[in-house]
A.B. asks: 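One structure coming up, written as C-alpha cells, with questions to follow.
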Amino acid sequence: SFPGFGGYRESGYGREGGREGLREYLKPTASAVSRPARRAARAAATTTRVVEIDRTPKLYIGGKQVRPDGGYSREVWSGRKLLGVVPEGNRKDIRNAVEAARAAAGWATQTAHNRAQVLYYIAENLAAQRDRFSVPAAEIDDAIRTLFTYAAWADKHDGAVHQPPQRTVALAMHEAIGQVGVVAPDDEPLAGLIALVAPAIAMGNRVVAIPSSTNPLPALDLYQVLDTSDLPGGVINLVIGEALALAEVLAAHADVDALWWPTANADQARRVEQLSVSNLKRLWTDTPTREPRRCLEHAVQVKNVWVPYGI
C-alpha cells in the first residue's frame, strides 16, 4: 500500500486505499497484538544493567540550586577513584549568598518553637534519605542526633534576669547574631557541617557555609533534604570552593556578622582576623567543640535591658 491515500481529507473521508484507508476497515491479528507483549516479557526476563546518570551538583543559594558565577568546576578524588565533579564558587557567589541570607531575616522573628519544628523535620528527612549519602552510617547517625539536640535546645537556651546593686533588674536577652559564615571541617564532611550549622539556625541566624574542601559531595546531597523540610530560602546557603579563599571573602564582608572556623590553623586564623576588624566581626577560630551550650553561646548575642523598680 502507498502512504498518503485515504484517511481524513479536506474533501471528506477517503477510504479508497493506502495505509490510512486500510486501518479504517482492518483489525490487527492476534500475533501482531501480542508481539509487543512478547518483547516486554523477553526484556523482563533478561538481566539489565542499571545505567547511572551523572549528576551536575550546584551551589545552594537562597533556597535554589544555582550554577557558580565563574562557571568553573573541579574533580573530587579519593585516591585513584573519581567521586564526582563539583562547582567552584568565587567572591560573587559569596556575595549572592550573603544577600540571600540577609533577605531571610524573618527567620529570626519566628518563634523558637517553629524553628525547632523545622530542625526536627530536617532530621526526619535526613533519616529517610540516608541512602543517598556516601558517608559512613555512624556519621549520618551523628548528624541526625545533632539536629535533634539543637531542635530541643531551640526554645530552651534563653536569657536570664540579674539583680544589680541598685533598685533595678537587668534582663539579659539572647538575640540572633545575624548572618554567620561557617567553614566546615574536612573530616566528617556531613556531621561536621551539621554540627556548626544546626546551633546557628536554631537561634535564628542565617548561615553561609563553606563545606569540606576535600569531600563536599555530602553537602550537595544535603540541600535535597533541605528542599523538602520547610526551611525558608536563604537560611542555609552552601558555597563550595577553596576554604581559605572563600573564608577571606566572608571575613572582609561587612554584612557578615560572625565567622566560625573552629578548625582553622594559626595562619588561617590570623588571616581572617586581620580581615574582620573592619566591622568588628565575631570570630570563632579556636577550641573546636560540639558541646551544645558552648556552641549556643557562640550563636547568640546578649542584650541587657535595665528595669528600675521601687522608690
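In this text the structure is predicted, and so the values were computed from the model without any measurement.
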A.B. asks: Give every residue pair that meets the ring pair (Phe, Tyr, Trp, His ring centres under 6.0 Å) criterion with at least one member in residues 231-259, sequence neighbours excluded.
C.D. replies: none

A.B. asks: Look at atom CZ of Arg91 and say whether more than 12 heavy atoms of other residues, nucleotides or ligands are closer to it than 6.0 Å.
C.D. replies: no

A.B. asks: Output all residues satisfying side-chain hydrogen bond (donor to acceptor under 3.5 Å, both in side chains) with Gln224, sequence neighbours left out; order by chain, then residue number.
C.D. replies: Arg132

A.B. asks: Would you say Thr111 and Asn114 are linked by a side-chain donor-acceptor pair, where the criterion is simply a distance under 3.5 Å?
C.D. replies: yes

A.B. asks: Within the structure provided, determine whether Leu259 and Arg282 are in side-chain contact (heavy-atom separation under 4.5 Å).
C.D. replies: no

A.B. asks: Any heavy-atom pair between the side chains of Leu231 and Trp107 that's under 4.5 Å?
C.D. replies: yes

A.B. asks: With Cys295, which of Tyr150, Trp260, Trp153 fulfils side-chain contact (heavy atoms from CB on, under 4.5 Å)?
C.D. replies: Tyr150

A.B. asks: Heavy atoms only: give me the nearest Leu222-Phe133 pair and the separation to one decimal.
C.D. replies: N-CE2, 3.7 Å

A.B. asks: Strictly distance-based, threshold 3.5 Å: is any side-chain N or O of Arg115 a donor or acceptor partner for the main-chain N or O of Gln110?
C.D. replies: yes

A.B. asks: List the atom of Leu246, the atom of Gly89, and the distance in Å for their closest heavy-atom pair.
C.D. replies: CD2-O, 3.8 Å

A.B. asks: Mark yes when over 12 heavy atoms from residues, nucleotides or ligands other than Arg67 sit less than 6.0 Å from its CZ; otherwise mark no.
C.D. replies: no

A.B. asks: Under 6.0 Å from the NZ atom of Lys156, do we count more than 12 heavy atoms belonging to anything else shown?
C.D. replies: yes

A.B. asks: Out of curiosity, Arg206 CZ to Asp257 CG, how far, rounded to the nearest 0.5 Å?
C.D. replies: 8.0 Å

A.B. asks: Drop me the distance from Asp93's CG to Leu59's CG, to the nearest 0.5 angstrom.
C.D. replies: 5.0 Å

A.B. asks: Check Ile61 against Ala100 and note the closest heavy-atom contact, atom names and distance.
C.D. replies: CG2-CB, 4.1 Å

A.B. asks: Any link between Ile94 and Leu275 through a network of hydrophobic side chains (Ile, Leu, Val, Met, Phe, Trp, Tyr) touching at under 4.5 Å?
C.D. replies: no

A.B. asks: Does Gly62 offer a backbone N or O that forms a donor-acceptor pair with the side chain of Asn237 under 3.5 Å?
C.D. replies: yes

A.B. asks: Can Val135 be reached from Leu220 by stepping across I, L, V, M, F, W or Y side chains whose heavy atoms are under 4.5 Å apart?
C.D. replies: yes

A.B. asks: In the single-linkage hydrophobic clustering (I, L, V, M, F, W, Y; side-chain heavy atoms under 4.5 Å), do Tyr309 and Trp306 co-cluster?
C.D. replies: no

A.B. asks: How long is the straight-line distance from CG of Leu226 back to CD1 of Ile122, given to the nearest 0.5 Å?
C.D. replies: 5.5 Å

A.B. asks: If I take atom CZ from residue Arg294 and atom CD from residue Glu297, how far apart are they, to the nearest 0.5 angstrom?
C.D. replies: 6.5 Å

A.B. asks: Taking it one step at a time, do His174 and Val302 satisfy side-chain contact (heavy atoms from CB on, under 4.5 Å)?
C.D. replies: CA-CA 5 Å; His174 288 174; Val302 178; 3.8 Å; yes

A.B. asks: I need the minimum non-hydrogen distance between Ala108 and Gly204, along with the two atoms involved.
C.D. replies: CB-O, 3.4 Å

A.B. asks: State the CE-CG distance between Met203 and Asp158, to the nearest 0.5 angstrom.
C.D. replies: 9.0 Å

A.B. asks: Answer with yes or no whether the side chains of Asn90 and Tyr72 bring together a donor and an acceptor at under 3.5 Å.
C.D. replies: no

A.B. asks: I want to check something: taking the side chain as every heavy atom from C-beta on, are Pro87 and Gln65 in contact at a cut-off of under 4.5 Å?
C.D. replies: no

A.B. asks: Answer whether the closest heavy-atom distance between the side chains of Val183 and Gln268 falls below 4.5 Å.
C.D. replies: no

A.B. asks: Do other residues, nucleotides or ligands put more than 12 heavy atoms under 6.0 Å from the CD atom of Gln163?
C.D. replies: no

A.B. asks: In terms of heavy-atom contacts, does CD of Glu273 have more than 12 from other residues, nucleotides or ligands at under 6.0 Å?
C.D. replies: no

A.B. asks: Report the distance from atom OG1 of Thr146 to atom CG of Asp141, rounding to the nearest 0.5 Å.
C.D. replies: 10.5 Å

A.B. asks: For Ala154 versus Ala112, what's the shortest heavy-atom pair and its separation?
C.D. replies: O-CB, 3.3 Å

A.B. asks: Mind checking whether Arg293 and Leu296 have side chains closer than 4.5 Å, heavy atoms only?
C.D. replies: no

A.B. asks: I'd like to know if the side chain of Glu175 and the backbone of Val300 have a donor-acceptor N/O pair within less than 3.5 Å.
C.D. replies: no

A.B. asks: Looking only at non-hydrogen atoms, find the nearest pair between Val305 and Met173 and report the distance.
C.D. replies: CG2-SD, 3.7 Å

A.B. asks: Using side-chain heavy atoms (C-beta onward) and a distance below 4.5 Å, is Pro185 in contact with Leu196?
C.D. replies: yes

A.B. asks: Is Phe148 reachable from Ile236 through a run of hydrophobic residues whose side-chain heavy atoms are each under 4.5 Å from the next?
C.D. replies: yes

A.B. asks: Kindly work out whether a path of hydrophobic side-chain contacts (I/L/V/M/F/W/Y, heavy atoms less than 4.5 Å apart) joins Ile144 to Leu193.
C.D. replies: yes

A.B. asks: Walk me through whether Arg74 and Ile240 qualify under side-chain contact (heavy atoms from CB on, under 4.5 Å).
C.D. replies: CA-CA 10 Å; Arg74 63 181 172 90; Ile240 301 166; 4.0 Å; yes

A.B. asks: Are Glu124 and Ser229 close enough that some pair of their side-chain heavy atoms sits under 4.5 Å apart?
C.D. replies: no

A.B. asks: Are the side chain of Gln179 and the backbone of Val208 linked by a donor-acceptor contact shorter than 3.5 Å?
C.D. replies: no

A.B. asks: Test your reading of the model: is there a side-chain donor-acceptor pair from Asn304 to the backbone of Ala170, 3.5 Å cut-off?
C.D. replies: no

A.B. asks: Considering only heavy atoms from C-beta outward, does the side chain of Ile210 approach that of Leu250 to under 4.5 Å?
C.D. replies: yes

